[in-house]
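Below is one structure, written out as structure tokens; comments come after it.
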Amino acid sequence: MTAPLAPAFYDRPVVDVARELVGCHVRHEGVSGRIVETEAYHFTEPACHAYAGVTPRTRVLHGAPGRAYVYLSYGIHSLLNAVCEADGVGAAVLIRALEPLEGLEQMAARRGRDRPRELCNGPGKLTQALGIGLGLNGSALDGPLAILPPDGPPPRLAVGERIGITKAVELPWRFCDAGSNCVSAPRLPLPTA
DNA sequence: TAAACGATGCCCT
DNA sequence: GGGCATCGTTTAC
């Protein structure tokens with residue numbers, strides 16, 4: 001059984017963590033997937049919730065690294081982030097897509113869909129598939145909800161601009177495994193070998 | 001009290 | 001495959 005990533009892993013520049021999280025696994029109560037898409041957010045740029053300073057909602061985001069920051073989007077979807085950098089900084093990696101690994105049936109039941117590709121190919125979809133809700137906001141990422149080190153071959157990393165935001169769109173802080181078909185749209189081209 | 005902020009799903013071509 | 005309609009919370013005024 002593999003040990004989850006320790007809090008120290010997250011206590012580093014958020015862009016580095018975002019890049020290295022591609023290929024890692026997210027597991028919640030026996031249901032898991034391989035991370036194929038992430039985005040970095042830092043309090044110094046306006047697309048980050050921490051940009052506005054500490055508010056009731058972003059308290060966890062400004063807290064200790066290695067914990068889950070879960071927030072509601074569109075009033076419906078829970079989005080999963082991993083808090084990074086030192087305690088008090090305000091930075092996180094948004095997990096945008098997974099490739100299903102364990103508990104496919106559970107995922108399909110929660111999602112109301114069967115095709116594996118549609119189970120976790122979006123930030124709101126993967127939280128629904130894994131059963132991650134706002135109740136997990138602030139919880140450590142080495143407990144019932146955990147992120148585990150990568151196994152198998154390294155991903156074909158593609159870098160691009162973040163999506164779904166209106167500010168600081170030019171920052172190349174989106175990382176994908178270009179070899180996966182579970183990445184949320186728009187797909188990124190393979191890196192030029 | 002009011003405006004801003006997003007991801008998904010369905011209907012269409 | 002692509003475009004359009006949808007909701008609730010948070011923060012600012």
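No experiment lies behind these values; they were computed from the predicted model shown. Values reported hereafter were calculated over all heavy atoms of this structure, with side chains retained and with hydrogens, waters and symmetry mates removed. Residue numbers begin at 1 in each chain, while the letters A, B, ... track the order of the sequences.
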If I take atom [atom1] in residue [X] and atom [atom2] in nucleotide [N], what distance separates them, rounded to the nearest angstrom?
X: A:Tyr51; N: B:dA4; atom1: OH; atom2: C1'; value: 15 Å
X: A:Lys125; N: B:dC10; atom1: NZ; atom2: C1'; value: 12 Å
X: A:Tyr71; N: B:dA4; atom1: OH; atom2: P; value: 19 Å
X: A:Arg113; N: B:dT8; atom1: CZ; atom2: P; value: 11 Å
X: A:Arg174; N: B:dA7; atom1: CZ; atom2: P; value: 11 Å

For the residue pair A:Gln128 / A:Arg111, report whether a side-chain donor-acceptor contact shorter than 3.5 Å exists. yes

Which atoms of nucleotides 3-8 of chain C (N or O only) lie under 3.5 Å from a protein N or O atom, and what are those distances?
| from | atom 1 | to | atom 2 | distance (Å) |
| --- | --- | --- | --- | --- |
| C:dC7 | O2 | A:Tyr74 | O | 2.4 |

Rounded to the nearest 0.5 Å, what's the gap from CG on A:Leu101 to OG on A:Ser32? Could you check? 4.5 Å

All N/O pairs under 3.5 Å across the protein-nucleotides 10-13 of chain C interface:
| from | atom 1 | to | atom 2 | distance (Å) |
| --- | --- | --- | --- | --- |
| C:dT10 | O3' | A:Arg57 | NE | 3.4 |
| C:dT11 | OP1 | A:Thr55 | OG1 | 2.1 |

Tell me if a side-chain donor or acceptor on A:Arg174 pairs with a main-chain N or O of A:Arg162 at a distance below 3.5 Å.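 Side chain of A:Arg174 to backbone of A:Arg162: no pair is present.
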
Does the side-chain hydrogen bond (donor to acceptor under 3.5 Å, both in side chains) test come out yes or no for A:Tyr51 and A:His42, once each step is laid out? CA-CA 8 Å; A:Tyr51 184 74; A:His42 193 263; over 6 Å; no

Is the CD atom of A:Glu170 crowded by more than 12 outside heavy atoms at less than 6.0 Å?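 More than 12 within 6.0 Å, yes.
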
B:dA4, OP1 or OP2 - any side-chain N/O from A:Lys167 closer than 4.0 Å?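 Answer is no, no contact under 4.0 Å.
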
